[in-house]
Amino acid sequence: MIFTVAIDGPAAAGKGTISRAVAAEFGFAHLDTGLLYRAVGALGGDPIAAARALSPDDLQRDDLRTLEAGQAASRVAVIPEVRAALLDFQRRFARAEGGAVLDGRDIGTVICPEAEVKLYVTASAEVRAHRRWLEVGGDAARVLAEVIERDARDMGRADAPLRPAEDATVIDTSTLGTADAIARACSLVRAAL
Ligand code: DC
């Protein structure tokens, strides 16, 4: 069975948690596509060459979850050649036999517009910054500023900007708890199956 769940949205909206839960519930493979851009940013040097040579080992680095790695990822993600180099791998993953959940920024709009289920998971910048701050600590005002800066870059870039696909269902986790958000996502997938 070919079945793709596309989950897009800004940083710290809860995409990862929902994606992992949906993948576990239905036995689908899961790809956190942000990791690809984080690994390209962390490799340094020429980002286009890094994206073209990216290997599974590069995704295992333990420094990919930091705020700095997120900013570096967002900066390399504006480069069309970087995005192009990562496209085929993501498309093949999305349409591989057995079902797949991909989370990112452009899954429902560019990588897999034919996805059977498209979700756009979002929350206010303040709520997302607070969640990120609970994970990374430090100066809360700086964490909020970084969230706002990254949103602006991800939404404002010319190539594959972050935006909900026209046929995406929006899940706002500002007020919806984790269990309810997961239940909503799972019921949409069950209905489409
Ligand atoms: O989801 P994340 O925070 O790990 O993503 C890090 C950055 O990578 C994000 O700010 C923009 C970029 N990205 C992207 O451009 N397209 C994707 N599908 C996933 C991430």
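Note that the structure is predicted; figures quoted are calculated from it, not measured. Just so you know, ligand 1 is whichever comes first in the structure, and atom 1 is the first atom listed for that ligand.
Of the protein's non-hydrogen atoms, Arg38 NE, 2.6 Å is the one closest to atom 4 (O) of ligand 1. The protein heavy-atom contact nearest to atom 12 (C) of ligand 1 is Ala77 CB, 3.7 Å. For atom 8 (O) of ligand 1, the closest heavy atom belonging to the protein is Tyr37 CB, 3.5 Å. The nearest protein atom to atom 1 (O) of ligand 1, hydrogens excluded, is given as Arg105 NH1, 2.8 Å; this is a heavy-atom distance. Of all protein heavy atoms, the one closest to atom 19 (C) of ligand 1 is Thr33 OG1, 3.4 Å. Summary of contacts: the protein heavy atom closest to atom 16 (N) of ligand 1 is Arg83 NH2, 3.1 Å.
Polar contact with ligand 1: absent for Asp32 (N/O pair, distance under 3.5 Å). In terms of polar-atom proximity, Gln90 is not counted as a contact of ligand 1, lacking any N or O under 3.5 Å from an N or O of the ligand. For ligand 1, none of its N or O atoms has an N or O atom of Asp103 under 3.5 Å away.
A distance-only check finds a donor-acceptor pair linking the side chain of Lys118 to the backbone of Gly108 [under 3.5 Å]. Side-chain atoms of Arg61 do not come within 3.5 Å of backbone N or O of Asp63 as any donor-acceptor pair. A donor-acceptor pair is defined here as one N or O able to donate and one able to accept, closer than 3.5 Å; no such pair exists between the side chain of Asp103 and the backbone of Ile7.
With contacts defined as side-chain heavy-atom distances shorter than 4.5 Å, the pair Asp154/Pro10 does not qualify. Counting heavy atoms from C-beta outward, Glu149 and Gln71 have side chains that approach closer than 4.5 Å.
Within the structure, the closest approach of Gln71 to ligand 1 does not fall below 4.0 Å when heavy atoms are considered.
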Exercise for the section: Would you sort out whether Ser74 and Arg153 count as a side chain to side chain donor-acceptor pair (under 3.5 Å), showing the intermediate values? Expected result: CA-CA 7 Å; Ser74 172; Arg153 199 186 297 114; 2.7 Å; yes
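Below 4.0 Å from some heavy atom of Ala73 lie the following atoms of ligand 1, by number and element: 6 (C), 7 (C), 8 (O).
Only side-chain heavy atoms of Arg157 come within less than 4.0 Å of ligand 1; its backbone N, CA, C and O stay farther off. Under 4.0 angstrom from ligand 1, the non-hydrogen atoms of Arg150 all belong to its side chain.
Remark: of the listed residues Arg131, Arg128, Arg184, Arg131 is the sole one forming a side-chain hydrogen bond (donor to acceptor under 3.5 Å, both in side chains) with Thr173.
Contact check on Arg52 versus Glu81 returns no salt bridge, with no Lys/Arg side-chain nitrogen under 4.0 Å from an Asp/Glu carboxylate oxygen.
The nearest pair of heavy atoms linking Arg38 to Thr66 is NH1-O, 3.4 Å.
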